[in-house]
Every structure is written in C-alpha cells, then in structure tokens.
Amino acid sequence: MCGRFVSTNQPDQIANYFGADAAVESLGENFNVAPTHDIYGVVQGADGTNRVEAFHWGLIPSWAKDRKIASKMINARSETLAEKNSFKGLFKKKRLLIPMDGFYEWKPGAADGPLNTKGKPLKQPMFIHRVDDEPLAVAGLWTAWKDPEAAENPEASDAGDQWLHSATIVTTAANETMSQIHNRMPVFVPRSRWAEWLDRSNDDIDDLSTLFVPTDDGSLTMHPVSTDVNNVRNNDPHLVTPL
DNA sequence: CCAGACGTTGTT
DNA sequence: GTCTGG
DNA sequence: CCAGACGTTGTT
DNA sequence: GTCTGG
C-alpha cells in the first residue's frame with residue numbers, strides 16, 4: 001500500500017514537471033508525509049488547464065459528519081473502485097495525480113529475527129523511488145467536504161474557501177519488484193497517460209482501469225532506511241539515506 | 001418505504 | 001450522494 | 001503507515 | 001484489541 005511518502009519539490013517544480021499551473025503555497029519539504037497531512041495534487045481545472053493544489057491526505061466524503069473518517073480512507077483499492085459507494089462517483093469525476101519523490105514500505109520482520117519491545121518481529125522500513133530519481137505520479141481520487149459544524153459558525157468562516165479538499169491514493173497488487181517486500185503498491189500513472197487520467201470529461205472507466213494492472217518496467221528501486229521514519233514528527237533528509 | 005453503511009491493511 | 005438490507 | 005490512547009465527574 | 005491522531 002502506501003502509507004507514508006516523501007515530498008520535497010516546490011509547487012512550481014511540480015507544476016513544471018506536470019505542465020500545470022502552481023495554484024498553492026509551498027507546503028515545505030517533507031521527508032515523512034503521513035496521513036492527515038496536506039499533500040500536493042495535480043487536477044484539471046474547469047478551464048481545462050492543469051493546476052497544482054493542496055489536499056488533505058485521507059478522503060473525507062461529502063456526506064461525512066466529521067473528518068475522523070479520513071484516516072480510514074487513505075487508500076482505495078483499484079480492484080473495487082468502480083463498485084464502492086465511496087469511490088465510484090469520484091472515479092468518474094474526481095481523479096488527480098499525487099506527486100512524490102518516493103514512498104516508504106515496512107518490510108515484515110522474519111519470525112526468527114530481531115523482536116520489538118512487544119515481542120513482535122521488527123519491521124524494516126524501505127524507501128522506494130524511481131531509478132532516475134524523477135517524481136512518481138500516483139493515481140488518486142479527491143473530493144470536497146464542507147464541515148457541518150463550521151457552517152454553523154459563520155464568524156469563523158470568513159477566511160476563504162470553506163470547502164476542504166481531500167484525497168486518497170489508489171493501490172494495486174505489488175509488481176515483481178515490490179513483492180519482495182509487500183503485496184500492495186500505489187498505482188503509478190505513466191506520463192503518456194496523465195492527460196487521459198486527468199481529463200474531467202473522460203468517463204471511459206474500463207480504459208482507465210487498464211492503468212491498475214500492475215506492471216514492472218524496472219523503473220523502481222529501493223533501499224532500507226532508519227526506523228526513525230516510524231516517528232511521523234521526524235522530518236529530516238537522513239530518513240532517505242540508505243542504511 | 002426507511003435505516004444504515006459507505007474503507008484498507010495486516011495479522012491471527 | 002448512493003447503494004444495500006430489512 | 002506507526003504511535004499512542006483507551007474515562008468521567010466535579011471543581012477551579 | 002481497537003480506534004484515533006499525526
């Protein structure tokens with residue numbers, strides 16, 4: 001799956017890479033982006049041009065009473081996307097690309113290996129990134145949510161947009177490279193299909209679903225990193241340094 | 001009709 | 001919002 | 001994803 | 001064990 005990643009590029013760098021406009025303030029470099037944090041997303045605007053915007057990681061569906069649900073909606077299985085109530089409408093109309101430098105997966109520890117303080121096998125975090133060190137373009141879905149409580153407090157809602165934009169990362173089965181450490185991985189959208197994925201008027205779901213078939217083009221590599229990454233407050237370049 | 005759910009992962 | 005279950 | 005909390009009452 | 005928060 002994908003539950004922690006790295007984002008160090010600035011909005012204008014991301015905009016340049018995706019052929020988009022930067023419509024957001026910098027979120028800063030983050031070597032330990034965790035669910036509920038703000039992340040960048042590339043979406044197609046109403047005028048047809050692509051924009052880099054900020055999203056809350058963890059989908060908060062439009063019907064949610066509060067934002068607690070977000071931490072349960074950090075991923076969406078590609079296999080069932082088109083059938084799930086929470087996702088099917090978004091799959092048609094609210095697709096985005098989530099840029100990242102790379103992401104972390106925790107390789108399960110061997111039963112006869114070192115144990116943690118609770119007596120469970122110690123997991124080894126790994127950093128996965130492109131061989132050429134270009135950003136990954138990960139498939140995601142987004143939506144807008146208006147806090148029902150905030151709507152009843154007009155005094156606090158003067159400042160700008162009351163709609164919270166949130167996003168979830170689409171996952172698929174691990175490819176050959178990733179299956180060394182984990183059975184799931186995010187869906188990567190190749191450059192040749194970015195436009196198709198972002199196109200708001202495209203509702204050819206069957207065709208888009210071909211992106212969900214795990215492929216292995218040898219573009220990914222990985223290395224073990226410090227367990228300091230377990231602490232979400234630890235945001236330091238050394239987190240991606242190979243052990 | 002109304003009520004209630006709506007999610008993923010990993011581990012056992 | 002939209003679907004399923006009762 | 002991992003870490004950390006997990007509760008209520010009454011009083012200030 | 002299970003949920004919430006980051």
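Below, chain A is the first sequence line, B the second, and so on; all start at residue 1. The basis for the numbers below is simple: all heavy atoms, side chains too, and nothing from hydrogens, waters or symmetry mates.
A:Gln124 places its CD atom 12 Å from the P atom of D:dC2, with the value rounded to the nearest Å. Look at CD1 on A:Ile169: it is 11 Å from P on B:dT9, rounded to the nearest Å. Atom pair A:Lys84:NZ and B:dG7:P shows a separation of 5 Å (rounding to whole Å applied). The CD atom of A:Glu105 sits 13 Å away from the C1' atom of D:dC2 (whole-angstrom rounding). Residue A:Leu115 contributes atom CG, which lies 16 Å from atom C1' of B:dT11 at whole-angstrom precision. The distance between atom CD1 of A:Ile74 and atom P of D:dC2, rounded to the nearest whole Å, is 10 Å. In this structure, A:Phe5 places its CZ atom 16 Å from P of D:dC2, rounding to the nearest Å. Regarding A:Lys65, its NZ atom lies at a distance of 11 Å from the C1' atom of B:dA3, rounded to whole Å.
Side-chain N/O atoms of A:Thr80 include one lying less than 4.0 angstrom from OP1 or OP2 on B:dT8.
A:Ile69 comes within 4.0 angstrom of no nucleic acid atom, judged by non-hydrogen atoms across all strands. Residue contacts shown for A:Phe103 are absent, as no nucleic acid heavy atom lies under 4.0 Å away. Using a 4.0 Å heavy-atom cutoff across all strands shown, A:Thr168 reaches no nucleic acid atom at all. A:Asn183 comes within contact range of the sugar-phosphate backbone alone, with a heavy-atom separation under 4.0 Å but no base atom that close. At the heavy-atom level, A:Ser78 lies nowhere under 4.0 Å from the strands shown.
Here A:Arg193 pairs with A:Asp207 in a salt bridge; the nearest charged N to carboxylate O distance falls below 4.0 Å.
Comparing A:Ser86 and A:Arg184 by the nucleotide of DNA chain B whose heavy atom lies nearest to each, the residue mapping closer to the 5' end is A:Ser86.
Atom-to-atom distance recorded for A:Leu96:CG and A:Arg51:CZ is 13.0 Å, nearest 0.5 angstrom. Here A:Leu90 contributes atom CG and A:Arg95 contributes atom CZ; the two are 10.5 Å apart, rounded to the nearest 0.5 Å.
Just one residue in the list A:Leu97, A:Asp199, A:Asn50, A:Val42 forms a side-chain contact (heavy atoms from CB on, under 4.5 Å) with A:Trp194, and that residue is A:Leu97.
The nucleotide range of DNA chain C contacted by chain A, defined by atoms under 4.0 angstrom from heavy atoms of the protein and reported 5' to 3', is C:dG1 to C:dC3.
Between the C1' atoms of D:dG10 and B:dG4, the separation comes to 37 Å (whole Å). Straight-line distance between the P atoms of B:dT11 and D:dC2: roughly 8 Å, to the nearest whole Å. Taking the P atoms as reference points, E:dG6 lies 35 Å from B:dA3, given to the whole Å. When the C1' atom is compared between C:dT2 and B:dT9, the two are found 25 Å apart, to the nearest whole Å. A distance of about 22 Å separates the C1' atoms of D:dT8 and E:dG1, rounded to the whole Å.
Relative to the side chain of A:Met73, the nucleotides D:dC2, B:dG7, D:dG4 differ in distance, and B:dG7 lies closest. In this structure, of D:dC1, B:dT8, D:dA3, it is D:dA3 that holds the atom nearest to the side chain of A:Asn230. Taking only side-chain atoms of A:Lys120, from C-beta outward, the nucleotide of B:dT12, B:dT8, D:dG4 with the closest atom is B:dT12.
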- Message: Just to be sure I follow the notation: if a pair is Watson-Crick (purine N1 to pyrimidine N3 plus N6-O4 or O6-N4) or a G-U wobble (N1-O2 and O6-N3), each under 3.5 Å, what dot-bracket string does DNA chain B give, with | for pairs to another strand?
- Response: ||||||......
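Classified by interplanar angle (parallel below 30°, tilted 30° to 60°, perpendicular above 60°), the ring pair A:Trp142/A:Phe55 is perpendicular. Between A:Trp197 and A:Phe91, the angle of the ring planes lies from 30° to 60°, which puts this pair in the tilted group.
Between A:Trp57 and A:Phe5, the gap from one ring centroid to the other is short of 6.0 Å.
Atom NZ of A:Lys93 has more than 12 heavy atoms from other residues, nucleotides or ligands within 6.0 Å. Within a 6.0 Å sphere centred on CD of A:Glu176, heavy atoms belonging to other residues, nucleotides or ligands number 12 at most.
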- Message: What verdict does the salt bridge (Lys or Arg N to Asp or Glu O under 4.0 Å) test give for A:Glu79 and A:Arg184, after you've listed the backbone C-alpha separation in whole Å, the side-chain angles of each residue and the deciding distance to 0.1 Å?
- Response: CA-CA 12 Å; A:Glu79 294 91 335; A:Arg184 304 290 296 172; 2.7 Å; yes
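A donor-acceptor pair shorter than 3.5 Å cannot be found between the side chains of A:Asp101 and A:His129.
For A:Trp63 and B:dC6, the ring-to-base geometry satisfies the stacking test (centroid distance below 5.5 Å, interplanar angle below 30°).
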